[in-house]
Amino acid sequence: MGATSDGDRPWESYQTVYTNAKAGMDGVDKEKVQRVIYEMSKGSKYFENEQRKEAIVKQRIERMRAQCAKLTAKDIAQFQMIADKRILELESSRDLSKIWVHSDMDAFYAAVETLENPSLKGKPLAVGGKSMICTANYEVCTEIWCSCCYAGFIALKLCPNLVFVPTNFDKYMNYSEKTRKVFRGYDPNFIATSLDEAYLNITTICKDRCVSSQEVAEELRNAIYEETGLTCSVGVAPNRLLAKVCSDINKPNGQFILPNERKAILTFISSLPIRKIGGIGKVTEHILRDVLGINTCEEMLKKSAYLCGLFSPCSIDFFLSVGLGVGNTDTQFRLRKSISSERTFSSTEDQSLIFKKMEEIAETLSNDMQKESLFGRTLTLKLKTTSFEVKTRATSLQKYIQSKEDIFSHATKLLKAELPLSVRLIGLRMSHFCVGTPHSADPMQKTLSADNRALLSRTQEEVVLWINDYMCSLCGCELPPSFVEERQEHSDYHLAEMLQKESVDNFGKPTQGSNPVQKSPCVGRSARKRRNKSAHNDGKHIPSIVFSNEVRKSDARNMYHMSGFFSMPDWM
DNA sequence: GGGCGAGGAACGT
DNA sequence: TTCCAACGTTCCTCGCCC
């Protein structure tokens with residue numbers, strides 16, 4: 001942004017239009033696009049809110065610059081030592097033994113619509129509505145720079161021939177399932193991150209069949225095409241962070257293979273813009289660029305001392321990993337931490353209507369929770385006001401809830417405290433789960449004591465059977481073998497429950513003072529607490545001691561890996 | 001005064 | 001003429017408690 005930007009060319013400073021140009025869009029007149037979006041957005045409430053958010057980011061940048069300026073030579077030397085040590089540790093954790101594939105369907109929703117209605121072929125197509133489009137095909141991309149993230153009416157202005165098709169998620173899920181059928185043939189434990197994206201570990205298949213990753217990638221793309229009639233792009237690399245970047249390089253209908261060699265990775269990373277990395281979005285890019293002048297992944301290492309001086313250890317680890325091209329190579333199981341439902345509608349102040357909307361959302365959320373046997377004890381109400389300001393109000397309850405009535409009742413209390421109000425979105429979120437046991441009412445109860453654990457351990461192997469080494473035979477709770485501690489607590493729970501029942505059967509009432517557990521610890525509380533503690537403390541300040549590899553690994557994993565199934569950044 | 005948890009905001013896809 | 005999502009996680013701040 002130049003000094004004159006806000007004068008003659010105000011659109012240049014409108015951050016909303018900063019976006020990650022995709023492959024095949026080099027010929028687009030970016031300035032025209034940026035100008036049109038600015039002109040059409042200007043003056044709207046949405047625009048005003050964007051300006052407000054931008055001002056906050058700018059303030060943050062100023063604060064960080066001031067923080068930087070305060071660093072003495074001694075501070076910087078100290079931070080450099082910490083950074084260098086950490087870089088060495090990350091380097092030693094580099095795993096080049098795995099071959100990961102990231103598969104990304106090309107303009108998925110638009111491609112499905114075109115496949116089912118060939119008359120759309122060759123036309124610029126947007127899936128969605130005038131308010132927001134989900135996906136556009138490549139005909140649109142070559143005209144207006146970006147395949148999505150536009151309001152429909154703006155896209156229409158930029159591309160007057162644009163044809164709109166409403167979304168049909170059942171259709172997309174059907175095609176997505178077809179792609180997953182193919183993925184299973186290459187990696188039964190593949191990780192789906194959305195309807196159209198997945199990670200596959202093809203190490204074994206390459207080894208067993210004595211074929212190159214290039215051949216497998218090609219075969220996979222052909223198999224997807226044969227099964228669905230749709231094309232995809234794939235990236236092959238030693239870890240998921242890099243595979244994701246690689247899949248974007250030869251899009252659409254292409255592939256890019258990054259060899260499992262350190263030198264090749266460092267060369268690849270050296271000039272890679274940071275925005276290409278999953279997990280670095282508009283704001284992070286803006287901050288790194290304007291505070292530290294970091295534009296490429298390589299520069300993360302050059303500015304490592306300053307990164308250590310400004311960011312939390314979790315963030316530092318991520319940034320340094322990006323600089324080294326180190327990413328996660330394990331297939332890890334992730335547990336959901338929250339579930340939510342939200343709806344946007346025309347702004348209203350009508351309280352009866354607002355409560356009606358909230359009741360509908362409570363019902364949807366309750367249904368979703370029932371499908372996954374989830375009971376939560378923290379309820380968060382989200383409100384987006386007419387001026388696009390987002391507020392959240394949360395409450396933690398004395399018992400785990402799931403029913404629509406319970407959710408609505410507690411949400412009502414939260415909402416009443418905010419009235420009167422003019423809103424355009426209401427959302428409800430439940431978190432702090434207890435999975436699978438409707439009678440686990442009191443979150444304050446204790447888990448098994450050490451004595452009880454010793455007493456019970458002898459027989460617990462006989463209590464819980466893990467179906468497919470994965471699902472609890474007694475309650476259906478899903479825990480993979482790697483969750484050793486969580487499984488232990490889960491077994492303890494069922495055994496205690498069984499013994500308690502026996503006690504009742506034998507004596508007519510529960511043994512006094514021995515009510516060891518009434519909560520199904522699918523997510524072990526002790527483990528969770530430790531993870532939270534670790535992450536929390538780390539977020540506060542940067543310790544002057546050098547981090548241990550083990551601690552940092554668990555923290556970084558905590559940061560993202562335990563996240564939801566579909567919105568997890570892919571770099572870990 | 002430090003640990004800890006809750007709540008709210010920010011961020012990313 | 002006017003229209004800009006849905007979902008999930010992490011980060012940061014604040015206040016309580018020992």
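First the proteins, then the strands, lettered A, B, ... as listed; each starts at 1. Bear in mind that the values here come from a model prediction, so they are computed numbers and not experimental data.
Checking the phosphate oxygens (OP1, OP2) of C:dA5, a side-chain nitrogen or oxygen of A:Lys384 falls inside 4.0 Å. Under 4.0 angstrom from either OP1 or OP2 of C:dC7 there lies at least one side-chain N or O belonging to A:Arg343.
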Do any N or O atoms of the protein come closer than 3.5 Å to N or O atoms of nucleotides 7-9 of chain B, and which pairs are they?
unit_1: B:dG7; atom_1: OP1; unit_2: A:Ala394; atom_2: O; d: 3.4
unit_1: B:dG7; atom_1: OP2; unit_2: A:Ser396; atom_2: N; d: 3.4
unit_1: B:dG7; atom_1: OP2; unit_2: A:Ser396; atom_2: OG; d: 3.0
unit_1: B:dG8; atom_1: OP2; unit_2: A:Thr392; atom_2: O; d: 3.2
unit_1: B:dG8; atom_1: OP2; unit_2: A:Ala394; atom_2: N; d: 2.4
unit_1: B:dG8; atom_1: O5'; unit_2: A:Thr392; atom_2: O; d: 3.1
unit_1: B:dA9; atom_1: OP2; unit_2: A:Thr392; atom_2: N; d: 3.1

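Using a 4.0 Å heavy-atom cutoff across all strands shown, A:Ser338 reaches at least one base atom of the nucleic acid. Here A:Ser341 lies in heavy-atom contact (under 4.0 Å) with sugar-phosphate atoms only.
Atom pair A:Phe319:CZ and C:dC11:P shows a separation of 10 Å (rounding to whole Å applied). We find that CG of A:Leu156 is positioned 15 Å from P of C:dC4, with the value rounded to whole Å. Regarding A:Lys382, its NZ atom lies at a distance of 10 Å from the C1' atom of C:dG8, rounded to whole Å.
For DNA chain C, runs of at least 3 consecutive pairs of the Watson-Crick or G-U wobble type, with both hydrogen-bonding distances under 3.5 angstrom, map to B:1-13 with C:6-18.
Residues A:Phe183 and A:Phe190 bring their aromatic ring centres within 6.0 Å.
Taking the nucleotide of DNA chain C with the nearest heavy atom to each of A:Leu425 and A:Phe153, the more 5' of the two is matched to A:Phe153.
With sequence neighbours excluded, no residue satisfies salt bridge (charged side-chain N to carboxylate O under 4.0 Å, His left out) with A:Glu299.
Under the 30°/60° scheme for interplanar angles, the aromatic rings of A:Tyr109 and A:Tyr172 are found to lie parallel.
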